[in-house]
Number of protein chains: 2
Amino acid sequence: MADETILATFFRKLEVRDVVTAAEKVALIACASDMVSVPAGGDLVREGDRPDTSMLVLDGFSSRYRDAPDGSRQITAIHVPGDFVDLHSLLLREMDHSVGALSACSVMRFPHARLRSLTETHPHLTRLLWLMTLIDASIHREWLSAAARTAPEQIAHLICELYVRLGITGLIAPDQSFTLPLTQTALGEALGLSAVHVNRSLQQLRSEDLFTWQNQTVRILDWESLKRRASFDDRYLHLVREPR
Amino acid sequence: MADETILATFFRKLEVRDVVTAAEKVALIACASDMVSVPAGGDLVREGDRPDTSMLVLDGFSSRYRDAPDGSRQITAIHVPGDFVDLHSLLLREMDHSVGALSACSVMRFPHARLRSLTETHPHLTRLLWLMTLIDASIHREWLSAAARTAPEQIAHLICELYVRLGITGLIAPDQSFTLPLTQTALGEALGLSAVHVNRSLQQLRSEDLFTWQNQTVRILDWESLKRRASFDDRYLHLVREPR
DNA sequence: CGAACCATTGATTCGCGTCAAACCCGGTGG
DNA sequence: CCACCGGGTTTGACGCGAATCAATGGTTCG
């Protein structure tokens, strides 16, 4: 159980896409069970697990990843506060990838049994949860097409995406900055680039004065130019409020 | 409206993952409206559209793609008979990519209004439809991590995936062959490779006698070796029958 | 103070893109 | 019937983007 404020970031994420009634919020809150804290570097779920709860990140950054036998790691998604990291395990059952905490995370757990009965009684909420997973898939597609671009463009694109996604839940500071607890190595794992090349591409971007990145803080200097540099178009995030 | 046999491939796809009752099949069939034929090269939906129906491919291959301003095309998914190509438009509303027919396709249309009321009355079916979109997302993640591998491995991996997916609906011939109406150019667009490099990688693979590919027909010669070559593990397709 | 991690730099190698031309084939029209 | 055509495949030559290997600072922390 949790009071409403604690799921505020999640509700904001939903409300960007549709109207959520007070009763629906109550029903969602009733689905929550307990909170868990995971230290940076820890795993929230591991590939092969068959979790009986889904987890919503309240605070902190996490990543979905898979480790290849040769030791390399591929990050397929980055999650920000307000994201369900493994809602899909409700139906997929077995995790086909792991979720790791990039920074210390606090996480709200939602037992599958409750979510499942929610799908029996609240069709509209069910559609909204479904929608969240569809947006995840849309982001995957965007990453797939971004992979064809050059390294600096890819990096710029990811910065743009996180800037917009964090903006939804009010996590962008007034000076256009936000926390990004990613190492250059992790960034490379997300984009399919080597850490060395990420470093050089960042130097390239730095010289273009589009943003700064120091102490895990990114600050956007020129949003319009950055968007252009990244060919960023936020339509794939489906930020339209309409009945779903 | 349609009789049951016409949705057989789709039902088989569902039944690999869960039990589907006769009543549920009837309900699904009742959602179908009409059939459409699209010639090879035509589009089923276009980016920016706001369709009021979702389409299930009964016959033929199609691809989800997006064209970049520079003229290049990125294919983010390949659909085989039995796949819903734009079920996500039910909730996402605006298409953020197009779907094109790789070969002549016949398609069953499902008006959103009917699917939506299905979500109001049939929670279990709703979860199954949701599941199908989750599997799509899982495939996206697999493609994302496959992008890090070399070109021949990527090609081999895609062949493996299609072989398994087509096998689900009984579309693999007794001699382990199947139709693959993809040009080398399209294959490159799917994997983020140039047509030239696809060609050379195919020559490489040909010399390894893992499969043949002639006249749009792929024939698997050595499945185990091919799987190994591609580091293919079908877990991401979630071929487990259990209550969802 | 070393251990560990991260950022940075240099040197080298290689996969893959790009450009360009040739080839193969089924289809079309004179 | 054959010249012509266009889409797809194949080859060759060349160059660049990015991986790899290796080493050096800078920081944090037990």
Side-chain angles (χ1 to χ4, degrees), chain A residues 39-42 61 63 68 70-75 100-104 145-158 179-207 211-218 229, chain B residues 39-42 61 63 68 70-75 100-104 145-158 179-207 211-218 229:
Chain A
F61 283 63
S63 71
D70 69 349
S72 69
R73 170 173 293 194
Q74 176 67 44
I75 292 177
L102 292 166
S103 59
S145 33
R149 305 179 215 172
T150 68
E153 277 175 307
Q154 287 186 67
I155 295 174
H157 189 277
L158 183 57
T179 308
L180 185 58
L182 273 184
T183 64
Q184 294 183 3
T185 303
L187 184 54
E189 288 164 351
L191 302 176
L193 301 169
S194 70
V196 171
H197 198 57
V198 166
N199 184 280
R200 292 198 236 264
S201 303
L202 276 174
Q203 293 176 41
Q204 162 80 42
L205 284 171
R206 239 173 248 151
S207 71
F211 63 88
T212 60
W213 185 358
Q214 293 158 26
N215 301 325
Q216 309 206 322
T217 302
V218 172
R229 181 70 162 95
Chain B
F61 283 63
S63 70
D70 70 349
S72 68
R73 170 172 295 194
Q74 176 67 43
I75 292 177
L102 292 166
S103 60
S145 34
R149 305 181 216 171
T150 68
E153 276 175 307
Q154 287 187 68
I155 295 173
H157 189 278
L158 183 57
T179 308
L180 185 57
L182 273 184
T183 64
Q184 293 183 3
T185 303
L187 184 53
E189 288 164 349
L191 302 175
L193 300 168
S194 71
V196 172
H197 199 59
V198 166
N199 184 280
R200 292 199 233 264
S201 303
L202 277 173
Q203 292 177 40
Q204 162 82 41
L205 284 171
R206 239 172 246 151
S207 71
F211 62 88
T212 61
W213 185 359
Q214 293 158 28
N215 301 325
Q216 309 207 322
T217 302
V218 172
R229 181 71 163 94

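Only heavy atoms go into these numbers, but all of them, side chains included; no hydrogens, no water, no symmetry mates.
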Next item on the list: Starting from P on dG15(C), measure out to CG on L191(B) and report it in whole angstrom.
Entry: 17 Å
Notebook entry, point to check: Does the side chain of R206(B) get closer than 4.0 angstrom to OP1 or OP2 of dT10(D) through an N or O atom?
Noted result: yes
Check: Can you tell me how far C1' of dC5(C) sits from CD of Q216(A), to the nearest Å?
Finding: 12 Å
Next item on the list: Give the rounded distance in Å between these two atoms: CD of E153(A) and P of dA18(D).
Entry: 9 Å
Margin query: Over all strands shown, is G41(A) touching base, sugar-phosphate only, or nothing at heavy-atom distances under 4.0 angstrom?
Written below: nothing
Item checked: Side chain of Q203(A) - closest among dT8(C), dG17(C), dT10(D) -> dT8(C)
Next item on the list: Could you please name the option among dA18(D), dG17(C), dT9(C) that lies closest to any side-chain atom of H197(B)?
Entry: dG17(C)
Notebook entry, point to check: DNA chain D: T150(A) or W213(B), which has the more 5' nearest nucleotide?
Noted result: W213(B)
Item checked: Short side-chain to backbone donor-acceptor contact, Q216(A) and L182(A), under 3.5 Å -> no
Next item on the list: Using a 4.0 Å heavy-atom cut-off across all strands, classify A151(B) as base, sugar-phosphate, or nothing.
Entry: sugar-phosphate
Check: So what does G188(A) touch, heavy atoms closer than 4.0 Å: a base, only the sugar-phosphate, or nothing?
Finding: nothing
Margin query: Evaluate V198(A) against L191(A) for side chain to side chain contact (heavy atoms under 4.5 Å, CB included), listing each step before the verdict.
Written below: CA-CA 9 Å; V198(A) 166; L191(A) 302 176; 5.6 Å; no
Next item on the list: Round to the nearest Å and state the distance from Q214(A) atom CD to dC6(C) atom C1'.
Entry: 15 Å
Check: Hey, does L193(A) reach any base, or is it just sugar-phosphate, or nothing, if we go heavy atoms under 4.0 Å?
Finding: sugar-phosphate
Item checked: Rounded distance (Å) that lies between atom P of dA18(D) and atom CD1 of I155(A) -> 9 Å
Notebook entry, point to check: In whole angstroms, how far is the P atom of dT9(D) from the CG atom of N215(B)?
Noted result: 11 Å
Next item on the list: Check every atom of dT18(C), dT9(D), dA18(D) against the side chain of T183(B) and return the nucleotide holding the closest atom.
Entry: dT9(D)
Checklist line | Residue pair Q154(B) / A146(B): nearest heavy atoms and the distance that separates them | finding: CG-O, 3.4 Å
Checklist line | Side chain S72(B), main chain A68(B), donor-acceptor under 3.5 Å | finding: no
Notebook entry, point to check: Once you round it to whole Å, what is the distance between P of dG17(C) and CG of D70(B)?
Noted result: 14 Å
Notebook entry, point to check: Expressed in angstrom and rounded to an integer, what is the separation of Q154(A) atom CD from dG17(D) atom P?
Noted result: 14 Å
Check: Can you tell which of dT8(C), dG10(C), dA18(D) lies closest to the side chain of N199(A)?
Finding: dT8(C)
Note to self: So, taking the atom named CG in L102(B) and the one named CD1 in I75(B), what distance separates them when rounded to the nearest 0.5 Å?
What the structure shows: 6.0 Å
Note to self: Looking at R200(B) and dG12(D), is any side-chain donor or acceptor paired with a base atom of the opposite kind under 3.5 Å?
What the structure shows: yes
